[in-house]
Amino acid sequence: MSFTPYTPKPVAGRREWTALGVLLLPCLLVSMDVSVLYFAVPFLTAELKPSSVQQLWILDVYGFVLAGLLITMGALGDRIGRRKLLLSGALLFGLASGVAAYARSAEMLIAARALLGIGGATLMPSTLALIRNLFHDAKQRGKAVAIWSAAVTGGIAVGPVLSGALLEHFWWGSVFLVNAPAMVLLLACGPLLLPESKNPAAGRFDLPGSLLSLLAMLPVVYGVKEIARDGLAALPVLALVTGLMAAVAFVHRQRTARHPMLDLELFRHRGFSVSVLMNLLAMFSIVGCAVFFTQYLQSVRGMSPMEAALWNLLPTLAVGGMAPAATALAQRMDRAYVLALGCGIAAGGFVWLSWLEPGSALWCVLTGSAVYASGLVVVMSLGNELAIGLAPPERAGSASAVLESGTELGGALGMAVLGSIGSAIYRGDIGDALPSGLSADASDAARETLAGAVAVAAQLPGRAGEMLLTAARAAFTDGLRTAVLGAAGVMVVAAVLALTLLRGLRTAGVTGEPDASGVAGAQQGAAVEEGAGGGAGAGGGEGAVAEPEAGVDAAGAPAS
C-alpha cells in the first residue's frame, strides 16, 4: 500500500488535528498505566500475595523503566524516525499488556510491568516530538500541547475509573487488556495520518551513552526509594552513589561524543531547564499522593471499586478546562506568575487535605482534590508548552525525551518517596494496635499494608476485628496527611523557582517559529527534517514562545 507524501504546512489543518487525536491514544494509555493498578491493589494482595516491597515494585517498576529509557528512545526516534518508533512501541506495549493480564505471580507481574515500561518509553517522546513537527504555528502548537498535557494528566485520573469499572465485573488482569484495542487502532491509523520525521544529521546511535543513562537512572531511583523506606543502609547508599557517578559519566560522554544522544545546549536556556524541573516536581506531587486517595476512598471509607473510581474522577472533570485557560492567560502576562499561581493553588489544595480524618465529609476530600489538581494542570501544561516550543524541530525527539524523563522520574520518585513515608508512618502507628494472639503471618500482613489489615480484620471475631480496622484506617490517614504536607512543601519550592528563574520569558501569542536567539545552541540554518518542514528561523519573527528579557542572554545569564 502506498501513502500520499506528507507535506507540512505553516498552519495546521484538519489532517494535523486528526493526527493529534491519534497521538492522544498512547498518551492516555501510558499515563493510565501509572495509575490503573491503584484500585486493583486489594485484589492483587489477595491473589498474588506480594510482600510490601513487591507491592511497591509492582506499582513503581513501570515508571522506573520508562523514565530510565526515555532519553535512549528519544535519541533513537531522532535517528530511525519517530513514527516508526511509535508504531514499534505500540506493538510491544500491546503484547506486554497481555503478559501482565495473565501474570500468575508477583515476580511475573513485575517483569511484565517492566516490559510495559520499555514500550511506554518508545511512545511518550515520539508523541510530543511529532506534535512539535505537526504544528509549526506557535499559537496552534500551544493549544496542541495543552490538549496533550490534559490527556496525560487525564489518563492518570481515568486509569482508576477504568480499573474500578472493570474490577466490578472481571478479574484484576482485565485492567491491562483494555490497552490492546487502542494499540490496534494506533497501528492501523498511524501510517495514514502521522508524518515520518527524523533528524537527518543525528549521526550514529550512542550505545555507551544509552547504557550510561540507564545506569544513572535506575540505581538513583532504587536508592532514594529504599532510603526513604528504611533509612540509611549500605546497599541503597551504594546504589545512589553508583547512579550519581554514572550520571556524571553520562554528562561527560554527551559533551565529548561526536554524535551525542542528548543535546546539552538545550539546558543552557533557563526556560527549558526550569520547565523540566517544574514538570518533575508537579508529577512528584500528583502521583505521590494519588495512590493514597484511591486507597482512602476504597479501604478507609469502604467504597466499592466502581463507586470510589467515579468519585475519584469528579475533581478531574471539574478542572478539565484549566490547561487551555492557563495557556491563554500565559499569552497575556508573564508566565512566571501564572506558573507560580498554579503552584500556589496546588499547595493550598494539599494543605486543605492535611486536615482529613477517616470520617471526614466526602465533599471535603473532593474539594481538596479538585483544588490541587487545578494547580498541577496549570503547571504541567505551561511547562510542556515552554519546553517543547524552545526546542528546534530537528531536536524534538531528544528534547521531548528529556521533558518526559523529568515527568516520569518525578512520578516514580513521588510514589517511592511519599509512598514510602506514608507506609512508614502507617507501620509505626499500627504496631501498637495489633491485637494479641495473631499469627506471625497475619501480624505481618496487617502491619505491612492497609489492604492486609482489612483482610486480617475480616477474619477476626466481633470487637477485635472492628478495633483493628479502626486503628488501621486511622494509621493510614496519618500517613496520607504527612504525604500531602510533603507535596505542599514541594509545590511551594516550585513556586519560588518559577518567580525567581522564569520572569521575563514571555509568550507573545502570535504565530511563527521561535526566534533563534531564544534557543541556546540553535544553529544558523538548521537542517530541514525529513517530512517535517523547516526549523527555527534565523531572523526569528516576533512570537517566540519564550523570549529572553532585556539584559539577559539566551542562556539566562546577565548580559555583559
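If you're wondering where the values come from, they're calculated on a predicted model, not measured in any experiment.
Rounded to the nearest 0.5 Å, atoms CE (M380) and OG (S275) are 12.0 Å apart. Distance CZ/R335 to CG/L386: 5.0 Å, rounded to 0.5 Å. Annotation: the span from L382 atom CG to N279 atom CG amounts to 9.5 Å, rounded to 0.5 Å. We find the CD1-CG distance between I421 and L480 to be 12.5 Å, quoted to the nearest 0.5 Å. Interatomic distance, I147 CD1 to I131 CD1, rounded to the nearest 0.5 Å: 8.5 Å. Atom CG in L23 sits 11.0 Å away from atom OG1 in T18 (nearest 0.5 Å).
By the 4.5 Å heavy-atom criterion applied to side chains, L69 and I118 are counted as neighbours. Within the 4.5 Å cutoff, the side chain of I286 has heavy atoms near those of the M283 side chain. Looking only at side-chain heavy atoms (C-beta outward), I71 and L214 stay at 4.5 Å or farther from each other. Side-chain contact check for L115 versus F93: every heavy-atom pair is 4.5 Å or farther apart. Contact annotation: the side chain of L362 approaches that of L297 to within less than 4.5 Å [non-hydrogen atoms, C-beta and beyond]. The closest side-chain heavy-atom distance from P50 to I58 is below 4.5 Å. Residues L86 and M73 form no side-chain contact, since every pair of their non-hydrogen atoms from C-beta on lies 4.5 Å or further apart. Counting only heavy atoms from C-beta outward, the side chains of F176 and L116 approach each other to under 4.5 Å.
Shortest non-hydrogen contact noted between V65 and A114 is CG1-O, 3.6 Å. Heavy atoms only, all atoms of each residue included: L353 and V365 are closest at CD2-O, 3.7 Å. In plain terms, the two heavy atoms of V379 and M491 that are nearest each other are CG2-CE, 4.4 Å. Summarising the geometry of A340 relative to A498, their closest heavy-atom pair is N-CB, 4.1 Å, with the distance given to 0.1 Å. Across all non-hydrogen atoms, the minimal contact from M333 to V338 is CG-CG2, 3.7 Å. Here the closest heavy-atom approach between residue L450 and residue S299 is recorded as CD2-CB, 3.4 Å.
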Item to check | Trace of the side chain to side chain contact (heavy atoms under 4.5 Å, CB included) decision for V484 with Y372 | outcome: CA-CA 10 Å; V484 296; Y372 88 69; over 6 Å; no
Item to check | L341/V378 under side chain to side chain contact (heavy atoms under 4.5 Å, CB included): CA gap, chis, key distance, verdict | outcome: CA-CA 8 Å; L341 176 62; V378 170; over 6 Å; no
Checklist entry - Can you list the steps and then say if S97 with L177 is a side chain to side chain contact (heavy atoms under 4.5 Å, CB included)? => result CA-CA 6 Å; S97 297; L177 289 183; 5.9 Å; no
Next on the checklist: F350 vs L376, test: side chain to side chain contact (heavy atoms under 4.5 Å, CB included). Steps then yes/no.
Outcome noted: CA-CA 11 Å; F350 286 128; L376 292 176; 4.1 Å; yes
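No side-chain donor-acceptor contact under 3.5 Å links R82 to the backbone of L130. Formation of a donor-acceptor pair under 3.5 Å by the T500 side chain with backbone atoms of L497 is not found in this model. A donor-acceptor distance shorter than 3.5 angstrom exists from the side chain of S273 to the backbone of F267, with no hydrogens or angles considered. Side chain of R473 to backbone of P358: no donor-acceptor contact under 3.5 angstrom is found. Remark: the backbone N or O of C364 is paired with a side-chain donor or acceptor of W352 at under 3.5 angstrom. At least one donor-acceptor pair closer than 3.5 Å links the side chain of R503 to the backbone N or O of L499. In terms of modelled atom types and a separation under 3.5 Å, the side chain of S369 and the main chain of L366 share no donor-acceptor contact. Although no hydrogens or angles enter the test, the distance criterion places a donor-acceptor pair under 3.5 Å between the side chain of S360 and the main chain of E357.
For an aromatic pair to be called close, the ring centres must be under 6.0 Å apart, and F293 with W311 fails this.
Relative ring orientation between F476 and F292 is described as tilted, the plane-to-plane angle lying within the 30° to 60° band.
Take D478 and apply the salt bridge (charged side-chain N to carboxylate O under 4.0 Å, His left out) test, not counting sequence neighbours, and it matches R481.
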